[in-house]
Structures are given as structure tokens and as C-alpha cells.
Amino acid sequence: MADTTGNTSDAGVSVGADQAPRKSSWRYIGPGIVVAATGVGAGDLVATLIAGSNFGYTLLWAAVIGCLVKISLAEACGRWHLATGRTLFDGWASIGSWTTWFFAIYAVIWGFVYGAAAMSSSALPLQALFPDVMDLEWWGIACGLVGLVFVWFNKYNVFEKVMTVLVGVMFVVTVYLAIRVTPNLGDAFAGLLPVLPDEKDSVLNTLGLIGGVGGTITLAAYGYWVNAKGWTNTGWMKVMRLDNRVAYATTGIFVVAMLFVGAELLHSAGIAIASGDKGLIQLGDILEQEYGTATGKLFLIGFFATSFTSLIGVWHGVSLMFADFLARRSGEREARGDELASGRRERSWAFRAYLLWLTFPPIILLFQDEPFRLIIIYGVLGAAFMPFLALTLMWLLNSSRTPREWRNGSLSNGMLTVAGLLFLVLCVKQIWDQPWSEFF
């Protein structure tokens, strides 16, 4: 994506920027791979698969726009961290105490419910691959504990390497499947034209697909991973932007590949699959019937890589954010990016406390029905986070909190406005659709 600040000079580069590369290079990329792997979970693949099965290639353009919107959001997060030397939570805290309360409530409730969902999603393909070993709940607990131990004892550099390997597995599997189903490239190119399906609620369904492409709170974590990589000043800005483009090009490949599978394998045969992670298990069975056992098993391996990268990505990234939040609340006057680069945040008690919160309390939900009222609150908070992120980034990056040369240009303001409005509409719809009459 182009320089969204609209600037071409390097004015205002902070002290120490001479230690950063003078130009971007592929060999530096890393945080983008992490955010792509974490942001694309099983739910994203199912949503895209169902869009392909229902509408063929018609909504391919929406998936591409979704990637562009997320590029803008992630770039804005990374630019804030590098231009100011401050963390995103520090920026939020400067806006007002309401942001602190929103994040605290969101992190506690979201973490509790997401922990169970991530463990269950990672367990499903393992149980399908090894059906006679143990029950789904115990597979889920095993995945959660492995994620806990891995993130607890490893620093960012090891975490990034493992995520890169798992992304490689995801890439090979999804591209292989897209080629295997023999996509109709003429129809695929036609799908790049912005056309709405002739269906009820087609506008809202299309907006949902755009908004669901790759990441929620993990977009906010991108700036934290940028700092953890050691990028702490504006000398790394070009590298960050290349890294960010790679992230969402990778996301786009995953999403388009699954849309191809949905369009060719399911839409053409009139096959419907369930929503949620179990839809991917159904797809594995269909692939096995159509293309043989090896393809079905390979897909399940890719499914596990997709789910487990989301698990350990959240275990690491959101724990960094929570540690930053508690440090600010406990009296640290200004949260700095160099604290993240030093690795001290990853060794802090707050980081590890949130890791434990993501792992152990959610185990309760694996053995019982999800608590109804909690799920409604979780859905509302989750829907509210993305408009919160988009609108607060606009606030921060158009104010004196950001050095003038790194403030938003017209392109970035336009994209963040589109993102804010898009997610605000989806937030209102999500809140409206909740069964409030049963809540009280």
C-alpha cells in the first residue's frame, strides 16, 4: 500500500534511527507473518468458504477489499508505535479513562470466552486425525497447555520462527486445495467486479465478509509485535510498511484460496456445510471423498496450523497488550516501545498472569454449555472493538500526539473512515441480532 501519510521526506526521524535500515528489505519481515497467522482463524476460513459455496465467485472483490481495509488499520497501529515511541495503549490512555475501562472489561471477558474457543478449534482437527486417542475436551486442554508452555518460555524471536513455519504449512495446504479444485479463472476475474448477490440481506452479508477477513484485536497487537521485533523508531517505517503488505497479501491468498474451494467444490455441487469450526471437519470429509485420504488428511493438518497459530498468537500478542495496560495502571508514566524490544514485558508477572487467564479458567467452558449471558456480552464487546480501534487511531494520528510528518494523510484518513463506518454498521447489526429478550 502507498505511503498513507502522504509524505515523501524522512524528516523527523528519531534519535537512533540511523541504526535502522535505510530501505525496506524482505529479509527483515516477521511481525506481518505473525499478524497474518493469528488473524486468519478457522472462523475466517469457514466464513469465506460459505461465501464461496453460497455465491460462487461473486464476492471475491469483497474479500480483496477486506484485506485492504485491514492493511490500513495495521499500518496505522505500526506507524503510531514507530512515530511516537509509545505503545497503542499509552495512546488510548491519553484520550481518556473510558478507553482504559473499555479495554479492561473487553480483555477479561473476551479472553475467557476466546480461550475456550481457541482450544476447541485447535482440538477438532487433532481429534479427526487421531479419533481413538482421547476426547475433544482433552485435546483442547492439551492445545491450551502446549500454547501456554511455549509462550511462557520463549521470547518473540522463537515465537516468530514457529509462526512462520506454521504459516508455511497453511500456505502450502490452501494453495494446493485451490489448485486441486481447478478454479474457473474467468469467473474468478469477473468476481473482482463489485457486484452484490441477488439475495436477502446481501449488503450486510457482504459487509460481514469484508469485516471478517483476518483479525480483530490482533490488529492492535501488530504494533506490539513490531516493537518486540526490535523496531522502535521511524527508521523502520519503510520496513514496517513492506512487512504489513506481506501480511495481508498472505491473508488474501488464504482467503481467496478458500473462496475458490467453496465456489468450485461446494457451490457447483450444491453442497451446504455448517457454520463454525465443524464446517471445516465436514469439508475434510468431502475432500477425502472427492480427492482421496491424503488430501483429506493434508487439509486437517492445515486446519490445525490455522487454529493453533491463532491460539499462540493471541496467547502472546494480547498478553503483551494486557501487560502494557497493567504497567500503565500501576504507575508507569509512559509506556515505551523500547520496553517491548527489551523483552521485559514478556517476562513480567502481568504477561504471565494473562497467559494463565487465557488457559485455565476457559477449560470450564470445554466441559459445559457456554454461559448464555456471557456469550452475548462477549459478542457485543467483540463487535465494538473494531470501530473502537479504527476511530481511536484516527483520533491519535490526526492530533498533536503524533509528530506532524507522520500524521494521517488523505488516503489513510479515507481508509480509516471506511473501516470505522464498516465496523460500526457491523457492530450495530451484531448488537441488534442478540436475543436480548432472553437475556433478562
Side-chain angles (χ1 to χ4, degrees), residues 33-49 110-154 158-160 162-174 214-218 221 254 258 274-285 296-319 354-368 370 378 382:
I33 296 296
V34 172
V35 78
T38 307
V40 179
D44 297 290
L45 295 188
V46 172
T48 311
L49 193 66
W110 181 89
F112 180 56
V113 180
Y114 181 84
M119 288 187 274
S120 179
S121 179
S122 299
L124 277 169
L126 291 176
Q127 189 188 42
L129 284 165
F130 310 104
D132 301 321
V133 175
M134 54 185 167
D135 292 337
L136 180 67
E137 294 83 1
W138 295 105
W139 275 119
I141 292 170
C143 290
L145 292 176
V146 169
L148 170 70
V149 171
F150 172 72
V151 175
W152 188 292
F153 289 105
N154 288 294
V158 176
F159 165 71
E160 181 190 288
V162 170
M163 292 288 272
T164 302
V165 171
L166 291 173
V167 167
V169 173
M170 292 167 61
F171 186 89
V172 168
V173 171
T174 53
T216 52
I217 193 172
T218 54
F254 293 150
M258 292 308 289
S275 60
D277 297 346
K278 292 183 180 177
L280 293 182
I281 296 295
Q282 278 184 268
L283 177 62
D285 294 337
K297 299 298 184 189
L298 181 65
F299 170 73
L300 290 174
I301 293 170
F303 177 8
F304 172 73
T306 300
S307 297
F308 195 65
T309 51
S310 293
L311 186 152
I312 60 175
V314 166
W315 264 229
H316 188 276
V318 184
S319 295
Y354 195 72
L355 265 180
L356 295 173
W357 174 253
L358 284 168
T359 307
F360 288 106
I363 289 174
I364 300 168
L365 299 183
L366 296 177
F367 290 95
Q368 63 180 37
E370 295 175 333
Y378 167 78

How far apart are the C-alpha atoms of L300 and I281, what are their side-chain angles, what is the distance that settles it, and do they pass the side-chain contact (heavy atoms from CB on, under 4.5 Å) test?
CA-CA 8 Å; L300 290 174; I281 296 295; 4.0 Å; yes
Tell me the closest heavy-atom pair linking [X] and [Y], and the distance in Å.
X    : Y    : value
L366 : E137 : O-CG, 3.1 Å
A37  : M163 : CB-CE, 3.8 Å
A118 : W315 : CB-CZ3, 4.1 Å
A123 : C143 : N-SG, 4.2 Å

Check: [Y] and [X] side chains under 4.5 Å, non-hydrogen atoms:
X    : Y    : value
F360 : L148 : yes
L311 : M119 : yes
W110 : V314 : yes
F308 : L126 : no
L365 : F112 : yes
L356 : W152 : yes
T48  : F254 : no

Evaluate the ring planes of F150 and F159, with Trp represented by its six-membered ring, and classify them as parallel (under 30°), tilted (30 to 60°) or perpendicular (over 60°).
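The arrangement is tilted - the two ring planes meet at 30° to 60°.
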Would the distance check show the side chain of S120 and the main-chain N or O of A116 forming a donor-acceptor pair, the cut-off being under 3.5 Å?
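Answer holds: no.
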Heavy-atom donor-acceptor pair, T38 side chain to S310 backbone, under 3.5 Å:
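No: the side chain of T38 does not pair with the backbone of S310.
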Would you give the length of the straight line joining atom OG1 of T306 to atom CE of M170, rounded to the nearest 0.5 angstrom?
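It comes to 3.5 Å.
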Atom CD1 in I141, atom CG in D135: separation rounded to 0.5 Å?
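The CD1 atom of I141 sits 10.0 Å away from the CG atom of D135.
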Which residue, T174, L283, D285, forms the side-chain contact (heavy atoms from CB on, under 4.5 Å) with F299?
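Among T174, L283, D285, the one that satisfies the side-chain contact (heavy atoms from CB on, under 4.5 Å) with F299 is L283.
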Would W138 and V133 satisfy side-chain contact (heavy atoms from CB on, under 4.5 Å), going step by step from the backbone distance to the final call?
CA-CA 10 Å; W138 295 105; V133 175; over 6 Å; no
Quick one: list whatever passes side chain to side chain contact (heavy atoms under 4.5 Å, CB included) with S307, sequence neighbours left out.
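Partners of S307 under the side chain to side chain contact (heavy atoms under 4.5 Å, CB included) test: A42, S121, S122, F303.
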Would you please test V173 and F304 for side-chain contact (heavy atoms from CB on, under 4.5 Å) and show each step?
CA-CA 11 Å; V173 171; F304 172 73; over 6 Å; no
For V151 and S319: C-alpha separation, side-chain torsions, deciding distance, then whether side-chain contact (heavy atoms from CB on, under 4.5 Å) applies.
CA-CA 10 Å; V151 175; S319 295; 5.8 Å; no
